[in-house]
K.L.:
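Submitted below is the structure of interest, expressed as structure tokens.
Numbered from 1 within each chain, the chains take letters A, B, ... in sequence-line order.
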Amino acid sequence: MRRHNYLLDGIVLSILILVVFLGFIRIKNGFQYSWNWGAIPRFFFRLDESGRIKTNILMQGFLTTVRLSFWSSGAALLIGTLMGILRTRKNLFPRLVGRTYIEIARNTPPLVLIFIFYFFIGNIITSSLGIDEWSRNLSGVGKTVLTIMFSKPERFPAFLSALFTLAVYEGAYVAEIVRGGLESVEAGQFEASYALGFSRFDKYRYIILPQVFRKVLPSLTGQAISTIKDSSIVSIISIRELTFQGMELMASTYLVFEIWITITIMYFILTISLSALASYLERRMIKY
Amino acid sequence: MSKPIIVVRNLNKTFPGPDNKIEISAVKDVNVEIFQGEVVVVRGPSGAGKSTFLRCLNGLENFDSGSVVIDNTPLDHHHKNRLEIRKEVGMVFQSFNLFPHMTVRKNISLAISRVRKKSKEECEITTLDLLEKVGITDKIDSYPSQLSGGQQQRVAIARALAMNPKIMLFDEATSALDPEMISEVLDVMKALAKEGMTMVVVTHEMGFAREAGTRLLFMDNGEIVEDREVRDFFENPIEDRSKAFLSKVL
């Protein structure tokens, strides 16, 4: 085996550090900005009148982003799996449904989708289904559960359209990932399940999908990370997620750089822990 | 004799050829009746339509015309009939097709619990019985990839038997195996034949045909060119094509 040349690596790395350092000094001298990092922590947690610790604006935004990403990733997985299966069926009709969904959802800007769903679902469907009223008239316990799991009852319809938009948009990508996975499963697996008399549902549930998900887990993780990042666009319909809260805060405090950097780090923490979880799952999965 | 358990009438199956223009006949006007307890060995050169014929018997392959009736149930487009046939006809594949993400135990018991809807205890008992029958009880918690080819195929046979089928189809079950593993699979198949299982076996194993087969179909170009008693076949093949074939392999 060839010996690795650490000296060369060291030189390259030193030059890189030097360049970054010099650049940093230059920017610091030419950049007139008085940093105020001390103001940031209290936007995470604050003390209320009685001295108890309460989450503040950034933390609330962070939690909303977590909830929104969690539910929309879950829904996207569900929609994507179903549509991915339809896309690979032999009959024309299911293929048509799957293909149409994927092409429409994938070829529309998510921002446009958000507006369509917000005005359509937010205004027409949620009120006609009575979700508006239902969420407002919940009992004390119901309200608490709804708030912890989703959002405040009065914002629930908007949250629902945000969730739905993200799920539909990301679901199209999941569908293509699942389709790729399905096509990589050997024909023999389908034939064996057929010959043994499994129902269509059992065939996918027990035999095909477990093999598919094992294969596509890395791609699905990537998609979940995308969902977290894309969730920032729902700030446009006033969902109080991380980006929205940050921008509100900037408007009132003018701590533009501090807050943007903080938000970036918070998104990063979220996505990096998801990656870590996924690679843990990958390692833990039984090898066959 | 009693009523045949498999009745095939005027079976035709074509595949689209290159350019989708020419149709290639895989099975041509096949008529055959198979009775309970028969062990029918299907032989012939590659491309003769043996596997396609076999796959038509449980609906894995849709045929163009003709009819297949299994134990009085017609194999048609009705889901109920198809399901009935799928349950009653076990199949063993050349490439085993075990479920790679499940242990041997789960591979065998899944169909018993999900399709036959048996209780957990019954599943466990049947699984152990079957593994004993194919002689690999010690591998019950192994994954298929940890088994040799011969062991995998024996598990696959156990898995098909788990459904307690009336008929077993073997599609070149030993062709993917190393020579030293062929006999362990053939032994299981012979034992099955002795128990009186109705079997349709596509194979090139002359030893199996001679020892366990009761009847021999010789296929060429999608047609059954010979349909005779096994013993009779070895003693005096009539058709020129099977004669030529026999002289090549014997």
K.L.:
Who among B/Ala160, B/Gly59, B/Gly90 has the most heavy-atom pairs with chain A under 4.5 Å?
P.N.:
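The candidate making the most pairs under 4.5 Å is B/Gly59.
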K.L.:
Count the heavy atoms of every other residue, nucleotide or ligand shown that sit under 6.0 Å from CZ of A/Arg106, and state whether that count exceeds 12.
P.N.:
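Enclosed: over 12 neighbouring heavy atoms sit under 6.0 Å from CZ of A/Arg106.
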K.L.:
Nearest 0.5 Å please: distance from the OG atom of B/Ser95 over to the CD atom of A/Gln189.
P.N.:
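Rounded to the nearest 0.5 Å, the OG-CD separation comes out at 9.0 Å.
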K.L.:
Taking the side chain as every heavy atom from C-beta outward, state whether B/Phe99 and A/Ser193 have any atom pair closer than 4.5 Å.
P.N.:
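Answer yes - side chains close enough.
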K.L.:
Identify the two heavy atoms, one from A/Leu196 and one from B/Val115, that lie closest to each other, and give their separation to 0.1 Å.
P.N.:
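Taking A/Leu196 first and B/Val115 second, the nearest heavy atoms are O-CG2, 3.8 Å.
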K.L.:
Side chain, backbone, both or neither: which part of B/Leu169 has a non-hydrogen atom closer than 4.5 Å to chain A?
P.N.:
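No part of it gets close to chain A.
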K.L.:
Counting heavy atoms not belonging to B/Arg82, are there more than 12 under 6.0 Å from its CZ?
P.N.:
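Yes.
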K.L.:
Provide the closest heavy-atom pair for B/Arg86 versus A/Gly197 in the form atom of the first, atom of the second, distance.
P.N.:
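That closest heavy-atom pairing would be NH2-C, 3.4 Å.
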K.L.:
Specify which of B/Lys87, B/Glu84, B/Arg55 makes the most heavy-atom pairs with chain A at under 4.5 Å.
P.N.:
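Winner by heavy-atom pair count: B/Arg55.
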K.L.:
Is the NZ or CZ atom of B/Arg114 both under 6.0 Å from the centre of the six-membered ring of A/Tyr206 and within 45° of that ring's axis?
P.N.:
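Pair B/Arg114/A/Tyr206 does not count as cation-pi.
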K.L.:
State whether the number of non-hydrogen atoms from other residues, nucleotides or ligands found under 6.0 Å of A/Glu103 atom CD is greater than 12.
P.N.:
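Check passes, neighbour count above 12.
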K.L.:
Within a 6.0 Å radius of atom CZ on A/Phe164, are there more than 12 heavy atoms belonging to other residues, nucleotides or ligands?
P.N.:
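No, because the 6.0 Å sphere around CZ of A/Phe164 holds 12 heavy atoms or fewer from other groups.
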K.L.:
Can you confirm whether A/Ile207 sits close enough to B/Leu110 that some side-chain heavy atom of one is under 4.5 Å from a side-chain heavy atom of the other?
P.N.:
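A side-chain contact exists here, since the closest heavy-atom pair is under 4.5 Å.
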K.L.:
Take a 6.0 Å sphere around CD of B/Glu132 and say whether it holds more than 12 heavy atoms from other residues, nucleotides or ligands.
P.N.:
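Open: at most 12 neighbouring heavy atoms sit under 6.0 Å from CD of B/Glu132.
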K.L.:
To the nearest 0.5 Å, tell me how far A/Tyr194 OH sits from B/Leu83 CG.
P.N.:
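Answer rounded to 0.5 Å: 9.0 Å.
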K.L.:
Is A/Phe190 atom CZ crowded by more than 12 heavy atoms from other residues, nucleotides or ligands, each under 6.0 Å away?
P.N.:
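Result for CZ/A/Phe190: enclosed.
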K.L.:
Do you know the tightest heavy-atom contact between B/Asn97 and A/Ala192?
P.N.:
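Looking at all heavy atoms of both residues, the shortest contact is O-CB, 3.7 Å.
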K.L.:
Could you tell me the separation between the CG atom of B/Asp171 and the CD atom of A/Glu191, rounded to the nearest 0.5 Å?
P.N.:
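So the CG of B/Asp171 and the CD of A/Glu191 are separated by 9.0 Å.
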